[in-house]
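First the proteins, then the strands, lettered A, B, ... as listed; each starts at 1.
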Amino acid sequence: AQSVTQLDSQVPVFEEAPVELRCNYSSSVSVYLFWYVQYPNQGLQLLLKYLSGSTLVESINGFEAEFNKSQTSFHLRKPSVHISDTAEYFCAVSAGAAGNKLTFGGGTRVLVKP
Amino acid sequence: NAGVTQTPKFRILKIGQSMTLQCAQDMNHNYMYWYRQDPGMGLKLIYYSVGAGITDKGEVPNGYNVSRSTTEDFPLRLELAAPSQTSVYFCASSYSGGNSGNTIYFGEGSWLTVV
């Protein structure tokens, strides 16, 4: 079975400052890794995902995440946040044997302050 | 595009009552899922389905039932509601051609309170 740990439950950050959200996973098989974002009172939306190839993946709105197999991590970063990035962010893993089912971390709430 | 549609959005139930959360998707996805979201716990998989007529338990299936008579619909039934079932419920769907890491699309959630 796989598991996901998001090390920070809340991250306050000032507008235009960088942010890093930490995610570690455990799995005995190869995994696919995802970051989802949930804006207030909405469902989850895919932000980015790692399936294979380059270990650095980017989203269209400036986020990036790097897959580190040796450290079993998939941290999410953005060099300069906006007020509109205020949301909850979920790291998730899908392991080969589990098909397409996702195992989620507990979430990190990002609050961007002006 | 409708995507994944859930109803109702909000519901208050009394202990012991039953209800069905409806879910429909118009993307012709073969996989569908029900998750519940509790504060600080992320999302937990309740049930999933890999196609019409096929369902299976997830991490937290107790107190719930599902059916999948069509590709489009995947209702979740709560029998004998309990306060522990107070949560936000998300239906989701994906196309899966094997273990390809396809994107899962979520509905907007159903807020359920059991009192």
Establish whether Ile60(A) and Val57(A) are linked, either directly or via other cluster members, by ILVMFWY side-chain heavy-atom contacts under 4.5 Å. no
Exercise: identify the closest heavy-atom pair between Phe106(B) and Leu44(A): CB-O, 3.5 Å
Same cluster for Tyr48(B) and Val4(B) if Ile/Leu/Val/Met/Phe/Trp/Tyr side chains link at under 4.5 Å? no
Given a strict heavy-atom distance threshold of 4.5 Å, which part of Tyr36(A) is in contact with chain B: side chain, backbone, both, or neither? side chain
Quick one: closest heavy-atom pair of Phe90(A) and Gln37(B), and the distance? CZ-NE2, 3.1 Å
Is it possible for you to say whether Tyr31(B) and Ile54(B) belong to one hydrophobic cluster, with membership spreading through side-chain heavy-atom contacts below 4.5 Å? yes
For the pair Tyr35(B) (side chain) and Leu102(A) (backbone), establish whether a donor and an acceptor sit closer than 3.5 Å, ignoring hydrogens and angles. yes
Heavy-atom neighbours of Ile12(B) CD1 exceed 12 at 6.0 Å: no
Is it true that Leu47(A) and Phe74(A) fall in one hydrophobic cluster, defined by side-chain heavy atoms closer than 4.5 Å? yes
Contact winner vs chain B - Leu33(A), Val4(A), Asn41(A), Thr108(A), heavy-atom pairs under 4.5 Å: Asn41(A)
Cut-off 4.5 Å, heavy atoms of chain A, and the answer for Leu43(B) is both
At what distance, to the nearest 0.5 angstrom, does CZ of Phe104(A) lie from NZ of Lys44(B)? 11.0 Å
Cut-off 4.5 Å, heavy atoms of chain B, and the answer for Gln45(A) is neither
Treat each ILVMFWY residue as a node, draw an edge where side-chain heavy atoms are under 4.5 Å apart, and state whether Leu21(B) and Trp111(B) are in one component. no
